[in-house]
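Atoms within each ligand, like the ligands themselves, are counted from 1 in listed order.
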Amino acid sequence: MPLDPLEDFVRRLPKAELHLHIEGTLEPELMFALAQRNGLPMAYPSVEALRAAYDFSNLQDFLDIYYQGAAVLLTCEDFHDLGMAYFRRLAADGGVHAEIFFDPQTHTHRGVGMDVVIEGLLSAMDAAETSLGVTSRLILCFLRHLDEADAFATLEAAKPWLSRLTGVGLDSSELGHPPAKFARVLAAARDLGLKVMVHAGEEGPPDYVWEAVDLIKVDRIDHGNRALEDDKLVRRLITDQTTLTVCPLSNLKLCVVQDLRSHPLKKMLELGLAATVNSDDPAYFGGYIVDNYVETARALSLSRSDLVQLARNSFTGSFLPQAEKAAWLSKLDSISLI
Ligand code: ADE
Ligand code: ZN
């Protein structure tokens with residue numbers, strides 16, 4: 001098959017992925033294999049039947065099936081295999097760096113130790129750097145449908161690995177769980193030297209994004225789509241150059257947008273917002289990072305220079321050291337647009 005020029009261009013762009021839930025990379029084939037390895041029953045008779053269930057009307061629909069899927073992850077080896085499968089796909093997509101989220105409470109609440117989860121993921125991250133040349137960072141997410149005390153206990157349990165954690169995030173059911181609910185635990189994490197980000201404005205109102213900015217003083221906003229409903233907030237995000245980790249195919253699958261042609265990404269770029277493109281939970285949403293760039297570019301008629309801008313934003317918004325950011329940006333400067 002001849003190479004598609006747009007896809008080839010995107011694949012060759014060095015890029016970082018900044019919004020990726022590692023549990024959301026669990027492909028049905030691996031889920032079945034891990035269930036078998038661990039002697040666990042599956043609620044679906046086949047890979048095809050499971051994929052057919054990936055038909056979501058909103059975030060909660062997805063989360064219910066996503067937490068169920070994560071139940072096959074039991075051992076260090078499982079988390080290692082999960083991580084490696086993702087890093088291989090990222091490398092094949094021309095991704096050079098990833099800042100991955102994990103949801104420890106999803107596992108510790110099932111009796112899987114924090115050590116099992118973190119050691120398994122760290123071993124995959126180390127192996128990916130050695131064997132694929134892909135660098136990565138680990139970000140611990142608190143589940144916002146749970147309470148503050150549980151988040152504090154989770155932070156405490158993760159302290160032995162503090163030096164290998166880069167940040168904390170806030171994910172799961174957004175509506176009814178504003179960032180303010182977690183202001184104290186996110187501040188405690190920051191005092192430990194961790195970066196702080198929250199999912200905001202995916203389904204939640206602009207007020208949640210304001211809280212993220214003014215109260216939590218986040219380093220990045222995950223999603224941020226609904227910020228566009230508030231002009232003053234947009235001006236603030238532009239002035240601060242707050243990175244928005246936008247996830248177009250996720251937005252489509254979770255009905256945050258009805259059609260990719262009405263996705264706000266192009267508008268975000270035109271306004272000068274620091275938007276990036278990411279895959280969120282690619283095993284559930286039908287596409288990894290190249291698919292997200294390419295399908296959005298087609299739907300919104302993004303130019304090659306827009307695509308380079310998105311890749312640039314992925315490095316400026318990353319938590320890489322300045323020198324590494326600069327090296328990737330200078331590589332992007334040398335990319336021909338024709
Ligand atoms: N957990 C995994 N994916 C998520 C998303 N898109 N929003 C909130 N929580 C999540
Ligand atoms: Zn997410």
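- Within the listing of ligand 1, atoms 6 (N) sit less than 4.0 angstrom from a heavy atom of His223.
- Cation-pi geometry between Arg89 and Tyr288 is satisfied (NZ or CZ under 6.0 Å from the ring centre, within 45° of the ring normal).
- For atom 9 (N) of ligand 1, the closest non-hydrogen atom of the protein is Ser172 N, 2.8 Å.
- The nearest protein atom to atom 7 (N) of ligand 1, hydrogens excluded, is given as Glu202 OE1, 2.8 Å; this is a heavy-atom distance.
- The Zn ion (ligand 2) lies at 2.8 Å or more from every N, O or S atom belonging to His223.
- Here Cys247 does not reach the Zn ion (ligand 2): none of its N/O/S atoms is less than 2.8 Å from the metal.
- When heavy-atom distances to ligand 1 are checked against a 4.0 Å cut-off, Tyr66 comes that close only through its side chain, counted from C-beta outward.
- If you check which protein heavy atom lies closest to atom 6 (N) of ligand 1, you get Asp280 OD2, 2.7 Å.
- The NE2 atom of His199 and the NE2 atom of His21 meet at the Zn ion (ligand 2) at an angle of about 90°, given to 10°.
- Of the protein's non-hydrogen atoms, the one nearest atom 3 (N) of ligand 1 is Asp281 OD2, 2.7 Å.
- Using a cut-off of 4.0 Å between Lys/Arg side-chain N and Asp/Glu carboxylate O, Asp78 and Arg37 are scored as salt-bridged.
- Close to ligand 1: Phe62, with a non-hydrogen atom less than 4.0 angstrom away.
- Comment: Asp219 engages Arg190 in a salt bridge, judged by a side-chain N to carboxylate O separation of less than 4.0 angstrom.
- No other N/O/S atom of Asp280 lies as close to the Zn ion (ligand 2) as OD1 does.
- Using a cutoff of 4.0 Å between basic side-chain nitrogens and carboxylate oxygens, Asp93 and Lys15 are not scored as salt-bridged.
- A cation-pi arrangement, defined by a distance under 6.0 Å to the six-membered ring centre and an angle within 45 degrees of its axis, is absent between Arg51 and Tyr284.
- Ion pair Asp333/Arg312 flagged as a salt bridge, since at least one NZ, NE, NH1 or NH2 atom sits closer than 4.0 Å to an Asp/Glu carboxylate oxygen.
- In terms of protein heavy atoms, atom 1 (N) of ligand 1 is closest to His21 CE1, 3.5 Å.
- Ion pairing between Asp231 and Arg235 fails under the 4.0 Å rule for side-chain N and carboxylate O.
- Heavy-atom separations between Leu63 and ligand 1 include at least one value shorter than 4.0 Å.
- Figure legend: cation-pi geometry between Arg184 and Phe152 absent, as NZ or CZ is not positioned both under 6.0 Å from the six-membered ring centre and within 45° of its axis.
- Contact check on Asp171 versus Arg144 returns no salt bridge, with no Lys/Arg side-chain nitrogen under 4.0 Å from an Asp/Glu carboxylate oxygen.
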